[in-house]
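Here is the structure we will look at, set down as structure tokens.
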Amino acid sequence: MEEFSFRTIIAVFEEMFGAGLFWSLVVIAAMITVAFIYMLFRDRGLDSRRLVRAELAAPLGGIAAVLFVQWITSSGFRDIGGPIDWLVVLGIFVAGSIGLMLLVYVAQAVRRPPPRSESATPLSRE
Amino acid sequence: MNDDLSLDTTRRGFLGLAAGGLALSAAIPPAAARTVQTSARIVILGAGAGGASIANRLMRRLDGATITIVDGSDQHWYQPGFTLIASGLKSARYAISGTGDWLPDGIEWVREDAAAIDPEANRVVTEGGERIDYDYLIVATGLTLDWGAVEGFDLDMVGRNGIGAVYAGPDYAEATWRAMDAFTDAGGRGVFFRPPTEMKCAGAPIKYTFLTDDYLRRKGTRTDSQLTYVNHSQALFGVPVITEKVELLMRDKDVEVHRHHRIKGVDAERRELHFETDDGDARFEYDFTNIIPPQRAPEAVRQSGLSWEDRWQDQGWIEVDMHTLRHRRFPNVFGIGDINGVPKGKTAASVKFHVPVVEDHLVAELEGREGSASFDGYTSCPLITRVGRAMLVEFDYEDNLVPSFPGVIAPLEELWISWLMKEIALKPTYNAMLRGRA
């Protein structure tokens with residue numbers, strides 16, 4: 001039986017994209033995630049307006065991710081064969097959605113820092 | 001306005017979280033392989049999938065060893081890609097890289113093939129006459145395609161008049177696509193077969209039959225065509241449960257199956273394939289065919305005394321223990337890949353599992369202990385059933401199905417995810433294996 005270790009998966013991804021591109025993508029994804037978390041701390045919570053706009057953009061990211069995978073393979077939607085294939089499509093869609101949602105949220109937060117008065121309402125106050 | 005999703009957070013908390021993440025990433029242990037001091041002379045015959053992989057691993061594990069790899073080819077071929085090339089999905093370049101690209105620093109690469117092996121004297125002689133003495137020998141030569149055993153065939157024929165030869169190399173696979181493309185444009189009689197010897201990737205002839213069927217259907221010429229699969233024995237595959245599935249697919253795709261036919265030759269002018277059967281010779285007219293010749297150990301191996309004496313006499317696979325891959329008569333000789341005389345698995349997937357077993361037993365011996373790794377016969381085949389779908393069949397010596405993703409990827413189901421693995425993930429995994437990292 002095949003056994004996968006974390007190290008093997010990293011090696012495979014490095015071969016797939018090239019080590020430089022792979023780690024660049026990892027760093028970019030990590031930076032966006034860290035920036036998102038930083039915005040949560042800076043703004044002391046989620047800004048609902050930004051979040052709604054980010055959520056509206058999210059499906060575009062999901063669709064783009066699914067189309068990208070279709071583009072890089074010689075296969076298409078007609079080849080989806082079993083439940084696991086639908087789960088793969090769903091997984092790709094969700095990953096693309098979350099990625100774009102975080103990016104859009106961060107982009108808004110960077111462009112427009114909140115005024116000194118609180119723009120986000122925490123669940124509890126110190 | 002009141003947010004439902006807001007957090008009670010501070011900058012200090014953020015920094016704490018970031019520090020925690022860094023600490024966690026630092027806690028992941030570095031590469032664990034311990035190096036062993038040795039002055040052993042190790043010779044690896046062949047710098048293909050098995051040779052390159054074990055070379056990289058041994059260079060990392062051993063300190064002070066003299067490791068020599070013997071291979072006269074400047075090109076490394078990614079053979080699992082040949083089917084994709086012969087299906088028009090990749091160019092020949094997809095499968096070609098430089099042999100030297102995969103070899104570790106510090107290894108001595110003798111750019112000649114072995115002409116003779118003397119396991120009694122622990123010596124290899126190259127085609128150029130160079131003598132190389134060894135303490136340990138790893139035979140990873142791969143196998144030889146015996147084109148001469150197909151009467152009337154010449155590799156110059158490939159790509160024209162309906163003749164393909166997917167196995168012959170990347171350029172021939174590309175030429176085969178040109179012939180298959182022309183055939184499927186017009187339709188006609190497609191005849192596919194496999195040789196009567198052991199062969200690398202026994203699923204490949206079946207895949208290529210199905211891919212040709214797929215192109216005929218896509219181009220609207222399937223109804224004007226007849227496809228025939230000619231098998232050397234009764235069973236279409238070495239594993240009964242997979243044979244049943246392949247039989248179903250052959251029926252479903254309306255491929256006529258003939259059994260117990262052994263390829264003899266081809267008459268390119270009359271477009272006929274000649275087979276030997278128990279009831280005399282048989283002829284099949286074709287408009288397109290994929291020539292796959294008998295396969296044997298290279299001559300130098302067959303003459304070395306390393307082959308089984310009572311099995312595969314016409315093929316010459318080496319006599320290794322099926323679990324340790326160590327030679328049964330010469331304990332300082334190991335085998336990796338297609339050259340091994342074991343019941344199953346002339347595939348790159350098997351190579352991936354041969355390599356750590358040989359590494360374990362060799363390094364253990366150099367440390368003065370016994371190795372413990374055992375090869376269970378694992379091999380796998382992404383059995384393509386059409387462009388875009390495949391079955392990820394994995395099995396062992398006992399004919400068990402041994403799925404890597406049990407309960408997730410069903411082995412006998414035609415799935416898109418299995419195709420994605422073949423098309424996208426397999427080559428990076430193979431490359432990582434060559435570097436000794438997978």
Side-chain angles (χ1 to χ4, degrees), chain A residues 1-18 22 30 33-34 37-52 55 69-70 72-89 91-92 118-126, chain B residues 1-15 17-18 21 28 31 84 87-90 349 352-353 376 378 380 385-390 394 396 402-406 408-410 413-420 423-425 427-438:
Chain A
M1 186 187 290
E2 178 76 90
E3 288 171 8
F4 291 98
S5 68
F6 182 69
R7 204 180 302 282
T8 303
I9 291 169
I10 296 293
V12 169
F13 276 108
E14 283 187 0
E15 294 292 342
M16 193 179 285
F17 295 100
F22 170 67
T33 307
V34 169
I37 296 168
Y38 172 76
M39 296 305 169
L40 295 185
F41 283 82
R42 186 195 68 179
D43 302 344
R44 304 174 72 85
L46 276 166
D47 182 290
S48 57
R49 285 187 193 172
R50 286 181 201 144
L51 184 65
V52 167
E55 284 174 342
V69 172
Q70 300 276 350
I72 60 171
T73 81
S74 308
S75 54
F77 291 108
R78 69 187 279 272
D79 299 312
I80 291 170
I84 182 62
D85 290 343
W86 286 109
L87 289 174
V88 170
V89 174
I92 295 166
E118 291 184 26
S119 65
T121 310
L123 283 174
S124 61
R125 291 166 196 275
E126 288 179 56
Chain B
M1 195 164 95
N2 208 4
D3 293 330
D4 290 337
L5 283 171
S6 55
L7 301 166
D8 184 12
T9 51
T10 63
R11 278 203 174 92
R12 186 181 299 159
F14 169 74
L15 293 172
L17 198 68
I28 296 172
L84 298 179
S87 306
L89 305 175
K90 304 282 183 189
K352 184 171 180 297
F353 286 79
D376 66 0
Y378 174 90
S380 84
T385 55
R386 71 181 209 202
V387 175
R389 276 195 195 168
E394 299 166 278
D396 64 13
V402 285
S404 294
F405 310 94
V408 179
I409 300 181
E413 202 172 336
E414 296 175 68
L415 294 172
W416 179 55
I417 188 174
S418 302
W419 169 267
L420 291 182
E423 193 186 18
I424 297 173
K427 190 177 176 189
T429 307
Y430 176 92
N431 289 349
M433 175 188 82
L434 291 184
R435 295 190 205 280
R437 299 181 68 202

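No experiment lies behind these values; they were computed from the predicted model shown. Each chain gets a letter, A, B and so on, in the order its sequence line appears, and its residues count up from 1. Basis for what follows: all heavy atoms, side chains included, without hydrogens, waters or symmetry-related copies.
- Taking B/E414, B/K427, B/R435 one by one and counting their heavy-atom pairs under 4.5 Å with chain A, the maximum is reached by B/R435.
- A/R50 approaches A/D43 most closely through the heavy-atom pair NH1-OD2, 2.8 Å.
- In terms of heavy-atom pairs under 4.5 angstrom with chain B, the leader among A/S74, A/G82, A/G81 is A/S74.
- Take B/S380 and apply the side chain to side chain contact (heavy atoms under 4.5 Å, CB included) test, not counting sequence neighbours, and it matches B/A349, B/Y378, B/E394.
- Residues forming a side chain to side chain contact (heavy atoms under 4.5 Å, CB included) with B/A410 (at least two apart in sequence, or on another chain): B/E413.
- Neither the backbone nor the side chain of B/L84 comes within contact range of chain A; no heavy atoms are under 4.5 Å apart.
- Counting heavy-atom neighbours within 6.0 Å of B/Y430 OH, excluding the residue itself, gives a total above 12.
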